[in-house]
> 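Okay, handing you the structure first.
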Amino acid sequence: MRLDVVTIFPDYLAPLDLSLIGKARRDGILDVHVHDLRTFTDDRHRTVDDSPLGGGAGMVMKPEPWARALEHVVDAGASQGAPVPHLIVPGPGGVPLTQALAHELAQEPWLAFACGRYEGIDERVYEHAGERMPVTIVSLGDYVLNGGEVAVLAIVEAVGRLLPGVVGNAESLVEESHEDGLLEYPVYTRPAVWADGDVVREVPPVLLSGNHGAIAAWRHEQRLERTAARRPDLLPTSATTGALADLDVR
Ligand SMILES: COc1ccc2nc(C(=O)O)sc2c1
């Protein structure tokens, strides 16, 4: 998968060189290109913003640098097995980033990201891009960041880790929070008995039983209980009348 990111803060994307995503780049699974929007300005001050027409606070990102940057991305990546990328623009008014959306994006050969700053990008840039490629505005959640870079790091990690070969043990992707609508179960490791100061903390005995059926059942019950307690909105109504009702989780 090819990823292109256009930003006025290229250094913000340095974490994409680290950990599993960094290894995926070195392994050739991800091909990441970060572009400085100021490269595509045409004035000595490398201007990317101006005052909002119609008045209002803050500044708006000018359309011309963005149009040049996106056309450069399309020209640079044309050999990707797709003529154009799917352009993802992080924004507070976007569709929420969900595990389902991450799986959808992980199927694409080429994603491009436009990182807004200030009060946002001139609306005509979305029109310009939409005439050339699919465009989706994506939000991390119901809060506002100062720009799109943090959201791009989150989206790239959520999508990149789903690509074959990125996460060492693919099985670890199965029973994760949100993969099947439930939150994940609690995890424990050695020591089985932890002397935490004057408090002795033991691991649930079922995990030491060697009874894999009982362990699986306990873990599923824990997932239902945690989801009911922390994210009841994720539970299908059927679950609240079925297994949960037996658990008497309220
Ligand atoms: C100006 O660019 C922005 C501003 C706020 C913002 N908030 C996001 C979010 O995902 O919450 S992405 C994003 C981009």
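Everything quoted here is computed from the prediction, not taken from an experiment. We count ligands from 1, going down the list as the structure has it; atoms in each ligand are counted the same way.
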> Run through the side-chain heavy atoms of Ile, Leu, Val, Met, Phe, Trp and Tyr, join any pair under 4.5 Å, and report what else lands in Val193's cluster.
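When side chains under 4.5 Å apart are linked, the cluster holding Val193 also contains Val200.
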> Treating Ile, Leu, Val, Met, Phe, Trp and Tyr as nodes and any side-chain heavy-atom pair under 4.5 angstrom as an edge, say whether Leu208 and Trp194 lie in one connected cluster.
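Different clusters: Leu208 never reaches Trp194 through Ile, Leu, Val, Met, Phe, Trp or Tyr contacts under 4.5 Å.
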> Show the distances, to 0.1 Å, for all pairs joining an N/O atom of ligand 1 and a protein N/O atom that are shorter than 3.5 Å, listing one pair per line.
from     : atom 1 : to     : atom 2 : distance (Å)
ligand 1 : 2 (O)  : Gly116 : O      : 3.2
ligand 1 : 7 (N)  : Leu145 : N      : 3.2
ligand 1 : 10 (O) : Leu140 : N      : 2.8
ligand 1 : 11 (O) : Tyr143 : O      : 2.9

> Kindly work out whether a path of hydrophobic side-chain contacts (I/L/V/M/F/W/Y, heavy atoms less than 4.5 Å apart) joins Tyr185 to Tyr188.
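Shared cluster, no.
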> Please report, to 0.1 Å, the donor-acceptor pairs under 3.5 Å made by any side chain of residues 53-70, with sequence neighbours excluded.
from  : atom 1 : to    : atom 2 : distance (Å)
Arg68 : NH1    : Phe40 : O      : 2.6
Arg68 : NH2    : Asp42 : OD2    : 3.0

> Indicate if Leu105 and Val167 have the same hydrophobic cluster label, given that clusters are the connected sets of ILVMFWY residues with side-chain heavy-atom separations under 4.5 angstrom.
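Looking at the clustering, Val167 is in the same group as Leu105.
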> Which pairs count as salt bridge (Lys or Arg N to Asp or Glu O under 4.0 Å) when at least one residue sits in residues 112-121, sequence neighbours excluded?
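For residues 112-121: Arg117-Glu149.
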